[in-house]
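Being a predicted model, the structure only gives us computed values, none of them experimental. Each chain gets a letter, A, B and so on, in the order the sequences are listed, and its residues count up from 1.
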There are 2 protein chains.
Amino acid sequence: MESALHRFKAEFFKALGHPVRLAILDALREGEKSVGRLAEELGLEQPSVSQQLGILRQRGFVEARKEGTSVHYRAADPDVYTFLDLGRAIFERQLKTQSDLLSELQETSSPS
Amino acid sequence: MESALHRFKAEFFKALGHPVRLAILDALREGEKSVGRLAEELGLEQPSVSQQLGILRQRGFVEARKEGTSVHYRAADPDVYTFLDLGRAIFERQLKTQSDLLSELQETSSPS
DNA sequence: CCCAAACATTCATATATTGCAATATACCAT
DNA sequence: ATGGTATATTGCAATATATGAATGTTTGGG
């Protein structure tokens, strides 16, 4: 018996568990951008960006606005950046802990 | 060229993108618990819990303390709960938006 | 030393994601 | 209509992740 809530929340986190999707969200901090511009800034092919945007859109992380032939995307909820930044802080603490452990292991030249 | 930072951060989110791992973290809000107790509370097999704990440990989300034959786990950084709760708020807003969209679609009985 | 309890790891298989290339669609101008 | 530009979708092989059963390992008791 594994709560449905946890399954949904897992989907939420999974949506953020991809480097390109994180890069897209970061690029959208500066405001609305077209697919082409995102592709250019991130140095990726248009179809890749479009595909990841599709996933972010499905999950409600971004919203699209059509203008002529191009589509402009923006973050759906600015609070997601507060969230990402908090994640970053925790993430960096984890990195530090891990590198501390690493150097601790290296101090003893003869591991166990 | 896709930043290494985004790759690492994606790993961070991926670690949280699993229902059992989220359930484990939630269960540890109440404090340290043994593997067996977690398995019992969550209604899962011990190996499954142990495996997911292993992943959470690798990524630095939990820490273990050995006591006799059993191992007690706790959250490595209490701030992760602030983070999860903020995620929950955003996640719920997304759900609401999506259900709004859904009912909007259903108002028109003849979908385009 | 031998057994049992509590965890951890391994392995095989099923399932899901990714990355990429090709193709399709929408829109605008001529 | 035709062509060009901007986005979206699809198909598929490669890879990664999940699931569940079996097996290892460590610890403490007798």
Side-chain angles (χ1 to χ4, degrees), chain A residues 1-4 6-25 27-28 32-74 112, chain B residues 1-4 6-25 27-28 32-74 112:
Chain A
M1 173 189 149
E2 162 188 300
S3 104
H6 283 137
R7 275 200 300 280
F8 279 115
K9 279 205 213 171
E11 292 303 314
F12 173 84
F13 284 108
K14 267 203 273 190
L16 298 175
H18 189 292
V20 171
R21 295 196 286 269
L22 289 175
I24 288 174
L25 286 175
L28 292 178
E32 201 178 62
K33 284 175 188 170
S34 72
V35 179
R37 174 140 179 232
L38 283 170
E40 188 189 357
E41 284 188 12
L42 303 177
L44 299 168
E45 301 297 315
Q46 173 269 319
S48 307
V49 173
S50 186
Q51 192 167 1
Q52 303 308 328
L53 278 170
I55 294 172
L56 288 172
R57 182 160 28 89
Q58 256 190 295
R59 303 286 162 77
F61 285 98
V62 301
E63 288 168 354
R65 179 178 66 82
K66 252 179 144 166
E67 182 181 290
T69 161
S70 63
V71 179
H72 299 271
Y73 280 89
R74 64 178 174 282
S112 74
Chain B
M1 174 190 151
E2 163 187 301
S3 103
H6 283 137
R7 275 199 300 279
F8 280 115
K9 280 204 212 170
E11 293 303 312
F12 172 83
F13 284 107
K14 268 202 273 188
L16 298 175
H18 190 292
V20 171
R21 295 196 286 269
L22 289 176
I24 289 174
L25 285 175
L28 291 179
E32 202 179 61
K33 285 174 188 171
S34 73
V35 178
R37 174 138 179 236
L38 283 170
E40 189 190 356
E41 284 189 12
L42 304 177
L44 299 168
E45 301 296 317
Q46 174 270 317
S48 307
V49 173
S50 186
Q51 191 168 359
Q52 303 308 330
L53 278 170
I55 293 173
L56 288 172
R57 180 161 29 88
Q58 257 190 293
R59 303 285 164 79
F61 286 98
V62 300
E63 287 169 354
R65 181 178 65 84
K66 252 180 143 163
E67 183 181 291
T69 161
S70 63
V71 179
H72 299 272
Y73 281 90
R74 63 179 175 284
S112 68

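- Between B/K66 and D/dT26 there is no side-chain polar atom (N or O) within less than 4.0 angstrom of OP1 or OP2.
- Across the protein-nucleic acid pair, B/L56 atom CG and D/dT17 atom P stand 14 Å apart, rounded to whole Å.
- The CD-P distance, from B/Q52 to D/dG20, rounds to 11 Å in whole Å.
- Residue B/R7 contributes atom CZ, which lies 17 Å from atom P of D/dT15 at whole-angstrom precision.
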Fill in: Footprint string (nucleotides 6-13 of chain D, 5' to 3'): B base within contact, S backbone only, - free, heavy atoms under 4.0 Å
SBBB----
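- Within the structure, a side-chain polar atom (N or O) of B/H18 is placed less than 4.0 Å from OP1 or OP2 of D/dT19.
- Applying the salt bridge (charged side-chain N to carboxylate O under 4.0 Å, His left out) test to residues at least two apart or on different chains, the pairs with a partner in residues 39-54 of chain B are B/K33-B/E41, B/R37-B/E41.
- For the pair B/R21 (side chain) and B/L56 (backbone), a donor-acceptor distance under 3.5 Å is absent.
- Closest heavy-atom contact between A/A15 and A/F61: CB-CE1, 3.6 Å.
- Of the two residues contacting DNA chain C, namely A/E45 and A/K14, the nearest-nucleotide position lying further toward the 5' end is that of A/K14.
- For B/A10 against A/L22, the heavy-atom pair with the smallest separation is N-CD1, 3.4 Å.
- Protein atom CZ of B/R65 is 15 Å distant from nucleotide atom P of D/dT27, rounded to whole Å.
- Scanning both residues, B/Q46 and B/V35, for their nearest heavy atoms gives CG-CG1, 4.1 Å.
- Remark: P of C/dC7 and NZ of B/K33 are 14 Å apart, rounded to the nearest angstrom.
- Side-chain atoms of B/L53 and B/V71, non-hydrogen and from C-beta on, never get closer than 4.5 Å to each other.
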